[in-house]
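Worksheet: the structure to be examined is printed underneath.
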Protein chains: 2
Amino acid sequence: MTKYEPDLSRLFHALADPTRRAMVTRLARGPAPVSDLAEPTGLRLPTVLRHLAVLEEAGLITSAKDGRVRTCAIVPESLAPARSWIDEQRALWEDRFDRLDAYVTQAMRETET
Amino acid sequence: MTKYEPDLSRLFHALADPTRRAMVTRLARGPAPVSDLAEPTGLRLPTVLRHLAVLEEAGLITSAKDGRVRTCAIVPESLAPARSWIDEQRALWEDRFDRLDAYVTQAMRETET
DNA sequence: GCTATAGTTAGCAACATGACTAAGTATGAA
DNA sequence: TTCATACTTAGTCATGTTGCTAACTATAGC
């Protein structure tokens, strides 16, 4: 089962910023150089680079340099742990209601004459 | 389509902390008073209260006071926006590959004698 | 080789976060 | 009424985050 999960923290933290989410969305459509990612943000390059570093440390993107251009790309399935955690919570919740339901059903049965 | 979404930022931010995730997991099993939530964390009450406030501001939990006990409960479906965003990214990604695939298929067809 | 382009590094300021202690309030029980 | 319980509020502190500017490096094109 789920244990320490510092990676989940980094993943969710990376996604908690609108600029970074926009970058992920952009990269979901295909790889792009740093400048292209910076352009729509209105932020300076060093700032953009920090955001990219956060995304990379979270495992959401990779990047490689070719000549003087660094191209970034999304890492497929990197969102899977986040999705799984969310699904787990829903499962716990539903399980709880199933049991509540069973309890109520049982109680009603016992109330019957 | 998705636009500003400051709520998504708050949601992901709230989930970016292991203590808070543990609280959500605990509450997924059923409501609990503040003290019960505090106990396994090893944290002081004021700290726990701040975490709960973050969760509440993110819309993940609700709480109500009965006598001197405040009982917290999870808000069902509050994770839905996070889940949707993640699914959207995957959809974009898959769409991109469908198109890549179509392109390659087309290219191969044109290469055929 | 010179120059423009595309990143990169270093360092700083402002604010946010997560923990704490100390002191206060409100309620249930004796 | 008195006391313990269950928060609650206020205030502090260390650290982390997000933005910036300035100065630097490396490569492509002429």
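Atoms considered below: every heavy atom in the structure, side chains included; atoms not considered: hydrogens, waters and symmetry mates. So you know, we letter chains A, B, ... as the sequences are listed, proteins then strands, and number each from 1.
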_Same apolar cluster: B:Phe12 and A:Leu8, side chain cutoff 4.5 Å_ = yes

Contact list (N/O, under 3.5 angstrom) for nucleotides 17-21 of chain C vs protein:
unit_1: C:dG18; atom_1: OP1; unit_2: B:Arg20; atom_2: NH2; d: 3.2
unit_1: C:dG18; atom_1: OP2; unit_2: B:Arg20; atom_2: NH1; d: 3.2
unit_1: C:dA19; atom_1: OP2; unit_2: B:His51; atom_2: NE2; d: 2.2
unit_1: C:dC20; atom_1: OP2; unit_2: B:Arg44; atom_2: N; d: 3.2
unit_1: C:dC20; atom_1: OP2; unit_2: B:Thr47; atom_2: OG1; d: 2.8
unit_1: C:dT21; atom_1: OP2; unit_2: B:Arg44; atom_2: NE; d: 3.2

*Measure from CD on B:Glu39 to P on D:dA6 and round the result to the nearest Å.*
13 Å

Using atom types as modelled, flag every donor-acceptor pair under 3.5 Å from a side chain in residues 37-52 of chain B to any protein atom, sequence neighbours excluded.
unit_1: B:Thr41; atom_1: OG1; unit_2: B:Ala38; atom_2: O; d: 2.5
unit_1: B:Thr41; atom_1: OG1; unit_2: B:Leu43; atom_2: N; d: 3.0
unit_1: B:His51; atom_1: ND1; unit_2: B:Arg20; atom_2: NH1; d: 3.1

*Between C:dG28 atom P and B:Lys65 atom NZ, what is the distance in whole Å?*
10 Å

*Quickly work out the B:Leu52 CG to D:dA6 P distance and round it to whole Å.*
16 Å

*Pairs meeting criterion salt bridge (Lys or Arg N to Asp or Glu O under 4.0 Å) with involvement of residues 66-82 of chain B, two or more places apart*: A:Arg90-B:Glu77

*asked:* Taking B:Arg83 first and then B:Asp87, would you say they form a salt bridge - that is, a charged N and a carboxylate O separated by under 4.0 Å?
replied: yes

*asked:* Please report the distance, rounded to the nearest Å, between CG in A:Leu49 and C1' in C:dA10.
replied: 13 Å

*asked:* Holding to side-chain contact (heavy atoms from CB on, under 4.5 Å), I want the full list of residues that pass it with A:Ser84, two or more places apart in sequence or in another chain.
replied: none

Grab the N/O contacts between the protein and nucleotides 27-30 of chain D below 3.5 Å, and write none if there aren't any.
unit_1: D:dT27; atom_1: O2; unit_2: A:Arg68; atom_2: NH1; d: 3.2
unit_1: D:dA28; atom_1: O4'; unit_2: A:Arg68; atom_2: NH2; d: 3.3

*Please name the pair of heavy atoms, one in B:Leu11 and one in B:Pro81, separated by the smallest distance, quoted to 0.1 Å.*
CD2-CB, 4.0 Å

*Minimum side-chain heavy-atom gap B:Thr19-B:Met23 below 4.5 Å*: yes

_Partners meeting side-chain hydrogen bond (donor to acceptor under 3.5 Å, both in side chains) with A:Thr25 (sequence neighbours left out)_ = B:Gln89

